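Computed from a prediction, not measured in an experiment: that's the story for all the values here.
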Amino acid sequence: MEEIVSLDAFQPFDGMIKMFPHHNFPYFNCDYNLLLTLANYFKKDELPILNNVISIYRFDKQKIKTRGYFKLEVLDLEDGDKILEEMGISIRRKSPALDTLQDEIINSISSGNPISIFIDLFYQRGRDFYYNKKHGLHPVFVYGFNLTNEEIYTVDDITEYRQYSLSFSEFKLSCMSSEHVKMPNYFWEYALVSPADHDILNNKKLAQKNINKFVENMCRYQNEITESLNNILLLAENFELIITNETIIETLSSTIYRKCSEKYRLNTLYKYNLDHIHTKHTIDSLLDQIINDWKTVRIYSNKAIMSKKFTGEIIDKCIGLLTKIYTNEVHFNNQFYLMLKAARL
């Protein structure tokens, strides 16, 4: 019989896959998937995490030939540590030597505590952009260890956000590279602090307080978010130059899943009676159209890149779609802020 130490109830955050079953979308980025997975394991409300994000369109013409020329930037309102602390989840950071790493993992899991370990993606199989090509640190959840065959059980987003297993010897290679100089405390252990002091979001009044905080934060950034929509038009104006850059597919994919993340958050917020002016149908229709049009721009762009035929017809279609996205984003933001301000009264 195999000897296994694991957190049996530990499951990856699956809210996005339930909403978008045919896609592998994180909630804004891998850091938020990590936080939401912790909230699920420790049975905490996810509202403080969902509401910690502001997304703003950015465009930089100087980067058209490289990367980062366009993005839907994610801004964190508060540090993740602070959010977890307020939720009653502590973080213990340390840097175990490789010869003690196995014991540290087993001790943490035996105590009921999940771990995230920052690995160097240069050594992770299946991560095509990085494996044996590029270095970069990335957090991986560890929730189990098979002592019989020395396999480690993780939650990661290599091909999709789910559970994985691999040999501990292979995993260990990625745990101590030159990249770890940037983050010497690469081992993070999470534990539940006294639940009686921190289960405040089970109280509807305090949940509403959290909603109010989100509304205030969104209103504080209203002008910047609204002005950033003009960057969609700048993308359209320069699209003939941009479509030849193969990173456009990655750029569009990132934009799509971040708009889908906004949809997931909206659907959660509706449960708290946020829509006092009955604009849900209009807002949802606009957001769905925006997401679908970004997807269509990606389809046309991918077709052009694969065929190496950057025809005027395809470019004009993409520019037309981007102009439509801009118009719908303006309408969406108007309705969204009307709803938020009505909820604040």
Can you confirm whether the side chains of Asn33 and Asp157 place a donor and an acceptor under 3.5 Å from each other? no
pair Asn217-Asn51: side-chain heavy atoms closer than 4.5 Å: no
Who pairs with Phe141 by ring-ring contact (aromatic ring centres under 6.0 Å, His included), at least two apart in sequence or on another chain? Phe10
Student check: side-chain heavy atoms of Asn231 and Leu234 closer than 4.5 Å: yes
Test of understanding: with side-chain contact (heavy atoms from CB on, under 4.5 Å), list the residues that count as partners of Asn212, not counting sequence neighbours. Gln208
Under the criterion side chain to side chain contact (heavy atoms under 4.5 Å, CB included), I'd like the reasoning laid out for Ile232 against Tyr57: C-alpha separation, chi angles, the key distance, then a yes or no. CA-CA 7 Å; Ile232 302 171; Tyr57 285 107; 3.6 Å; yes
Are the aromatic ring centres of Tyr300 and Trp294 under 6.0 angstrom apart? no
Aromatic centroids of Phe145 and Phe168 separated by under 6.0 Å: yes
Common cluster, Tyr27/Leu266, ILVMFWY with side-chain heavy-atom separation under 4.5 Å: yes
For Glu189, is there an ion pair with Arg93 - N to carboxylate O distance below 4.0 angstrom? no
Once side-chain contact (heavy atoms from CB on, under 4.5 Å) is applied, do any residues pair with Ser90, and if so which ones, sequence neighbours excluded? Ala191, Val193
Using the rule that two of Ile, Leu, Val, Met, Phe, Trp, Tyr join whenever any of their side-chain heavy atoms come within less than 4.5 Å, decide whether Tyr264 and Phe25 are in one cluster. yes
Considering residues, nucleotides and ligands other than Glu246, do more than 12 of their heavy atoms fall under 6.0 Å from its CD? no
Taking only Lys NZ, Arg NE, NH1 and NH2, and the carboxylate oxygens of Asp or Glu, determine whether Lys280 and Asp275 approach each other closer than 4.0 Å. no
CD1 on Ile291 to OH on Tyr257, rounded to 0.5 Å: 14.0 Å
Asn245 side chain reached by Lys65 side chain, heavy atoms, under 4.5 Å: no
Could you tell me whether Arg258 and Glu262 have a side-chain N and a carboxylate O separated by less than 4.0 Å? no
If you count heavy atoms of other groups shown closer than 6.0 angstrom to CD of Glu2, is the number above 12? yes
Under 6.0 Å from the ring centre and within 45 degrees of the ring axis: does the NZ or CZ of Arg162 meet both conditions for the six-membered ring of Tyr164? yes
Check side-chain contact (heavy atoms from CB on, under 4.5 Å) between Asn334 and all other residues, then give those that pass, not counting sequence neighbours. Val330
Which residues pass the ring-ring contact (aromatic ring centres under 6.0 Å, His included) test with Phe122, sequence neighbours left out? His135
Go through it in stages, so that I can follow the logic: the residues are Arg127 and His138, the test is side chain to side chain contact (heavy atoms under 4.5 Å, CB included), and I'd like the CA-CA distance, side-chain angles, deciding distance and then a yes or no. CA-CA 11 Å; Arg127 189 88 61 171; His138 168 74; 3.4 Å; yes
If the condition is side-chain hydrogen bond (donor to acceptor under 3.5 Å, both in side chains), which residues does Gln11 pass it with, not counting sequence neighbours? none
Is Lys71 close enough and on-axis enough to Phe59, meaning under 6.0 Å and within 45°, for cation-pi? no
Could you check whether Lys324 pairs with Glu329 (Lys NZ or Arg NE/NH1/NH2 to Asp/Glu carboxylate O, under 4.0 Å)? no
